[in-house]
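Down below is the structure, laid out as structure tokens.
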Amino acid sequence: MMDMLLPFGVSAAAVLFLTIITKGAFLAWASTALDWLMARPHRLIIAALVLASAAGWWTAHLNDQRAARWESASAAEASAHLDTKARTQAAAISAQLLAEQNRAAVEAQWRAQYQDAVDELQNLRGRNAGLVADWLRQPRPTANPADPRSSSHPDMSGAAEMPSGSLHDADTAILPVADLYRSAHAFAQLEALIGWIMAAQSVETSPAAPASAAPTL
């Protein structure tokens, strides 16, 4: 709407300016020219065509300017869209790389902790087996010859309830020796498993935030 009103405003301002400069003579000249145009119909037709051509040229000029502005705005918007797309893709690639690095780091820590748990299990098995062997090698209390069911230690009341024979004999032992070793191994597995679980809980599974770049001087 403003583009259409602009030519009329410019024309009115020009007429007013010429009227003031010529002290009203411009209106007389315009009246004379209008009479000259009205004297012959073809003159009026030619003048109308000239005005229409000028109006068409002016409209085309305004449309070209409007199209140039739209094209510039579209180019700027397309550039901003491409820039946003590039930054989004770069952020996605960076996030994926960070996630892969974090996954590799977590898996490496878990593998190291698993190997530590396996090594600890072997150490615990050896320790417990050694403790069982040391306990089995302990000397049995000396029995009283007068009473095979008694012991040389009068304060050991539980010894009277123990069966006769060697405690280390697999046939007469209260608890089979193999079960002692199985219990020792099971306890070692439990200790190693508890240690592995506690170590696994200390692993950070969330990726660490990338460190910000140091400011350049």
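Computed from heavy atoms alone, side chains included, the values below leave out hydrogens, waters and symmetry copies. Quick caveat, the model's predicted, so the values are computed rather than measured.
- Using modelled atom types, one finds no donor on one side chain facing an acceptor on the other under 3.5 Å when comparing His81 with Glu77.
- Distance alone, capped at 3.5 Å, is enough to place a donor-acceptor pair between the Thr88 side chain and the Thr84 backbone.
- Atom CZ of Arg111 and atom OH of Tyr114 lie 12.5 Å apart (nearest 0.5 Å).
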Is there a side chain to side chain contact (heavy atoms under 4.5 Å, CB included) between Ile194 and Met198 once you walk through the steps? CA-CA 6 Å; Ile194 292 175; Met198 295 179 63; 4.0 Å; yes
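- A distance of 10.0 Å separates CG in Leu82 from CD in Gln89, rounded to the nearest 0.5 Å.
- Annotation: the span from Leu180 atom CG to Asn128 atom CG amounts to 11.5 Å, rounded to 0.5 Å.
- Classified by interplanar angle (parallel below 30°, tilted 30° to 60°, perpendicular above 60°), the ring pair His61/Trp57 is parallel.
- When all heavy atoms of Val132 and Ala184 are compared, the closest pair comes out as CG2-CB, 3.8 Å.
- Using a 4.5 Å heavy-atom cutoff, the side chains of Asn63 and Thr59 are in contact.
- Residues Leu124 and Ile197 do not share a hydrophobic cluster, clusters being chains of Ile/Leu/Val/Met/Phe/Trp/Tyr side chains in contact below 4.5 Å.
- With Ser79 contributing its side chain and Ala75 its backbone, the two residues share no donor-acceptor pair below 3.5 Å.
- Between Ser202 and Gln113 the shortest side-chain heavy-atom distance falls below 4.5 Å.
- Ile93 contributes atom CD1, which lies 13.5 Å from atom CG of Leu98 (distance to the nearest 0.5 angstrom).
- With respect to the salt-bridge test (charged N to carboxylate O, under 4.0 angstrom), the residues Arg127 and Glu191 qualify.
- Trp70 and Leu62 are assigned to two separate hydrophobic clusters, defined by single-linkage of ILVMFWY side chains at heavy-atom distances under 4.5 Å.
- Placement of Val118 and Trp196 within a single hydrophobic cluster is found when ILVMFWY residues are connected by side-chain heavy-atom separations under 4.5 Å, directly or transitively.
- Tracing side-chain contacts under 4.5 Å through hydrophobic residues (I, L, V, M, F, W, Y), one never reaches Tyr181 starting from Phe187; they form parts of separate clusters.
- Between Gln189 and Leu121, some side-chain heavy-atom pair lies under the 4.5 Å cut-off.
- Residues Ala117 and Ala192 approach most closely at O-CB, 3.9 Å, considering heavy atoms.
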